[in-house]
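Presented below is the structure to which this report refers.
Worth saying up front: this structure is predicted, and the values here are computed from it rather than measured. Quick note: residue numbers are just sequence positions, from 1.
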Amino acid sequence: MAAKSEVSRYEVEIPKNISPSAYDMIQDTSSQRMVSNYVNNNAGVIKKVNYFAAALVDVFGKVVNVDVVVPIVFSDDTKANLKISGIRSINEINFEYQTGSAETSRGSKIPDRLSDFQGRIKFGDLVEYGKFGTLALTYGVSSGTPKVCQADVIVNCRRISSGHYECTGQTLLCP
């Protein structure tokens with residue numbers, strides 16, 4: 001169990017050229033693979049030892065339903081977790097995106113399935129809000145248009161009927 005706490009102390013920064021945002025990684029298996037490869041190829045010796053130990057814990061931890069995760073942060077300050085899913089070789093660990101772990105730059109959960117488009121979601125700027133809008137469209141959810149103010153952008157999402165959700169854009173501190 002010590003390996004789990006050791007691994008989760010490391011937050012891996014993902015360069016923009018690997019994957020610019022958690023929004024890109026959520027539904028794109030190619031981006032997930034690139035991030036996983038980056039973590040494997042750029043971990044120092046200590047991290048690799050911890051990853052390998054954590055992978056062993058994961059293999060045995062499946063019996064008690066324990067996930068071993070590596071927190072990652074992207075250049076736009078969005079975050080997600082990679083879950084250790086096995087051992088590829090003595091030098092490589094299998095990672096996969098941990099469903100439900102992606103966060104906006106302001107700590108709100110990024111929806112990664114239709115039913116997650118509920119509640120208040122806070123963004124750092126209109127660029128991030130645009131990434132959310134693109135993601136929402138892939139689920140058929142309209143994201144509204146926020147007013148521009150000197151504050152964080154937020155949306156309030158709600159279920160309007162079975163299988164249908166909508167998000168209303170706004171910002172904090174707007175008149």
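Partners of Tyr97 under the ring pair (Phe, Tyr, Trp, His ring centres under 6.0 Å) rule, at least two apart in sequence or in another chain, do not exist in this structure. With sequence neighbours excluded, no residue forms a ring pair (Phe, Tyr, Trp, His ring centres under 6.0 Å) with Tyr23. Asp76 pairs by the salt bridge (charged side-chain N to carboxylate O under 4.0 Å, His left out) definition with Lys131, not counting sequence neighbours. Take Glu96 and apply the salt bridge (charged side-chain N to carboxylate O under 4.0 Å, His left out) test, not counting sequence neighbours, and it matches Lys83. Under the side chain to side chain contact (heavy atoms under 4.5 Å, CB included) criterion, Ser30 pairs with Asp28, Arg33, Met34, sequence neighbours left out.
The closest side-chain donor-acceptor pair between Ser31 and Ser19 falls under 3.5 angstrom.
Interatomic distance, OG of Ser21 versus NZ of Lys16, reported as 10.0 Å (0.5 Å rounding). Put simply, CD on Glu128 and OG1 on Thr104 are 5.0 Å apart, with the number rounded to the nearest 0.5 Å.
Proximity of the aromatic rings of Phe95 and Tyr38 is defined here by a centroid distance below 6.0 angstrom, and this criterion is not met.
Looking at Asn156 and Cys167, their side chains never come closer than 4.5 Å, going by heavy atoms from C-beta outward. Between Thr168 and Val155 the shortest side-chain heavy-atom distance does not fall below 4.5 Å. Residues Val12 and Val73 are not in side-chain contact: their nearest non-hydrogen atoms beyond the backbone lie 4.5 Å or more apart. A 4.5 Å side-chain heavy-atom check between Ile18 and Val35 finds at least one atom pair inside the cut-off. Within the 4.5 Å cutoff, the side chain of Arg113 has heavy atoms near those of the Asp116 side chain.
Nearest heavy-atom pair, Pro111 versus Leu135, reported as atom, atom and distance to 0.1 Å: O-CD2, 3.3 Å. Across all their heavy atoms, Leu114 and Gly163 have their closest contact at CD2-O, 3.5 Å. Counting all heavy atoms, side chain and backbone alike, Ala22 lies closest to Thr78 at N-OG1, 2.9 Å.
Between the Glu13 side chain and the Ser75 main chain, no donor and acceptor come within less than 3.5 Å of each other. A donor-acceptor contact shorter than 3.5 Å links the side chain of Asp112 to the backbone of Gly100. A donor-acceptor pair is defined here as one N or O able to donate and one able to accept, closer than 3.5 Å; such a pair exists between the side chain of Ser101 and the backbone of Asn81. Formation of a donor-acceptor pair under 3.5 Å by the Gln118 side chain with backbone atoms of Ser115 is found in this model. Formation of a donor-acceptor pair under 3.5 Å by the Ser108 side chain with backbone atoms of Ile121 is not found in this model.
For residues 154-164, the set of pairs meeting the salt bridge (Lys or Arg N to Asp or Glu O under 4.0 Å) definition, not counting sequence neighbours, comprises Arg158-Glu166.
Note on ring orientation: taking the six-membered ring where Trp is involved, the planes of Phe132 and Phe117 are tilted (angle from 30° to 60°).
Under the 4.5 Å side-chain contact rule for hydrophobic residues, Ile110 and Leu126 share a cluster.
Using a cut-off of 4.0 Å between Lys/Arg side-chain N and Asp/Glu carboxylate O, Lys79 and Glu11 are scored as salt-bridged.
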